[in-house]
Amino acid sequence: MIPLVKVRMPPPEQLMPALERVLYSGMIAEGEEVYSFEREFGEQFGLQHALAMSSGTGALHVAFLVCGVAPGDDVITTAMTAEPTNTTILQVGARPVFADVDPDTGNLDPAAVGRAITPATKAICVVHYAGYPADLMALRAIADRHGIALIEDCAHALGARAAGSPIGTIGDAAIFSFQAIKHMTSVDGGVLALRDASKLDLARRLRWFGLRKGVPRTDVDITTPGFKYNMNNVTAAIARQQLPTIGEAIARHIDNGRYFDRAFAGTAGAKPALVAAGAEPSYWLYTLLCDNAAAVETALVAAGITASKLHRPNHRHSVLAPFAGPLPGVDRFYDRLLHLPCGWWVDDADRDRIVAVVKEVAP
Ligand SMILES: Cc1ncc(COP(=O)(O)O)c(C=O)c1O
């Protein structure tokens, strides 16, 4: 089977000495390895202030808090995402307000976001679903007009670009995930990227119980309770060892994605998801929109190619359903949605085989 997602580890001869060095260094908790990773990751992906976290979920939770989201506030969000985008909004005590998506991109429709704004709105949370950047400039303009925060969930979009900028630099806060099957993994882990340096101190305290690092433990004073969301040196060692080759891996996702975009441009029963103007996706998954997604999925699976919808629109969960009205854009996108493998493990022969099977069922 060609898998839809795959764990990518650095070669053992590269990873194991670095891991062994840290494991037996006597310093396995948060320390220099973590801070080196933060600097290197920020430089490589064009992020000004990158904080290493224990997960993308922890990074999101802290992102909402440092952007001032409090119990009772509204956060405009999308249903077309993995659940942590929205469970963290509930975790803060805020209300997720589901705006509709563009049925051809799966990403938040700025017009729908504009209509959902009320005096209770504190933030917009945008997801670059499957690695396809949303219309960030339009969302930035809405956020600025209303004086609210824009938070980018970039869990699927490492290495993507929007409006000529690296992903994660247009929002007030952005998060990345290094969970097992993302473009880059550190087993688990994440990054919180902040535009405004003045939020860094609170973010650092929130990731570690509310304590300030560097102040003697007998003198330090917790003024805001925090969490255990810090990255450790062992995780950071794995993350650092990913950095020298992650660019090549992402480049292969992009090459395969563009290949599929060209191959399916004229296909009648299956169209590529639309790439928004100015967006340069990093194609974590390839998004195909089919007239009969079930038939295409069955044919691909029979040919040894894993394809699926992967996620459930979040407003269909019982805990989130009370916050959603009709979302015809989500329904239309999801009915036609089929994710195809397009990562670094998909070689030229694999992608030709994928195209041939799709074209046979959806000519
Ligand atoms: C869109 C999205 N946001 C957030 C997360 C949370 O990331 P993590 O699993 O690192 O906590 C994930 C992945 O699980 C995700 O897919």
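From a predicted model like this one, the values you see are computed outputs, not experimental measurements. Just so you know, these numbers use all the heavy atoms, side chains as well, and skip hydrogens, waters and symmetry mates. Each residue takes its place number in the sequence, starting with 1. Atoms within a ligand are numbered from 1 in the order they appear, just like the ligands themselves.
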Practice task
Can you label the angle between the Phe98 ring and the His315 ring as parallel, tilted or perpendicular, going by 30° and 60°?
Solution key: tilted
Exercise for the section: Please identify which atoms of ligand 1 are closer than 4.0 Å to at least one heavy atom of Gln179. Expected result: 9 (O), 10 (O)
Exercise for the section: Look at Arg353 together with Asp347 and state whether they make a salt bridge at an N to O cut-off of under 4.0 Å. Expected result: no
Exercise for the section: Ignoring hydrogens, just give me the one of Ala59, Ser177, Pro84 whose non-hydrogen atom is nearest atom 10 (O) of ligand 1. Expected result: Ser177
Fill in the blank from the handout: heavy-atom search around atom 16 (O) of ligand 1 in the protein gives His156 NE2, 2.7 Å
Exercise for the section: Identify whether Ile89 and Val319 are in the same connected component of the hydrophobic contact network (ILVMFWY, side-chain heavy atoms under 4.5 Å). Expected result: no
Practice task
For Glu83 and ligand 1, answer yes if some heavy atom of the residue is under 4.0 Å from a ligand atom, otherwise no.
Solution key: no
Practice task
Note the single closest protein heavy atom to atom 3 (N) of ligand 1, along with its residue, its atom name and the distance in Å.
Solution key: Asp153 OD2, 2.7 Å
Exercise for the section: With heavy atoms under 4.0 Å as the rule, classify the contact between Thr81 and ligand 1 as side chain, backbone, both or neither. Expected result: side chain
Practice task
Give the numbers and elements of all ligand 1 atoms closer than 4.0 Å to a heavy atom of Lys182.
Solution key: 12 (C), 13 (C), 14 (O), 16 (O)
Practice task
Identify, by atom number and element, the atoms of ligand 1 in contact range of Thr57, meaning under 4.0 Å from any of its heavy atoms.
Solution key: 6 (C), 7 (O), 8 (P), 11 (O)
Handout entry: Per-atom contacts, ligand 1 versus Gly189 - under 4.0 Å to a heavy atom
Key = 10 (O)
Exercise for the section: Indicate yes or no: does Asp100 engage Arg332 in a salt bridge with an N to O separation below 4.0 Å. Expected result: no
Exercise for the section: Could you tell me whether Asp219 and Arg212 make a salt bridge, using a distance below 4.0 angstrom between a side-chain N and a carboxylate O? Expected result: no
Practice task
For the residue pair Phe227 and His61, categorise the inter-ring angle as parallel (less than 30°), tilted (30 to 60°) or perpendicular (more than 60°).
Solution key: tilted
Exercise for the section: Report yes if Phe178 has an N/O atom closer than 3.5 Å to an N/O atom of ligand 1; otherwise report no. Expected result: no
Exercise for the section: Begin with the C-alpha distance, continue with both residues' side-chain angles, and end with the deciding distance and a verdict on side chain to side chain contact (heavy atoms under 4.5 Å, CB included) for Tyr283 and Asp261. Expected result: CA-CA 11 Å; Tyr283 299 94; Asp261 279 343; 2.4 Å; yes
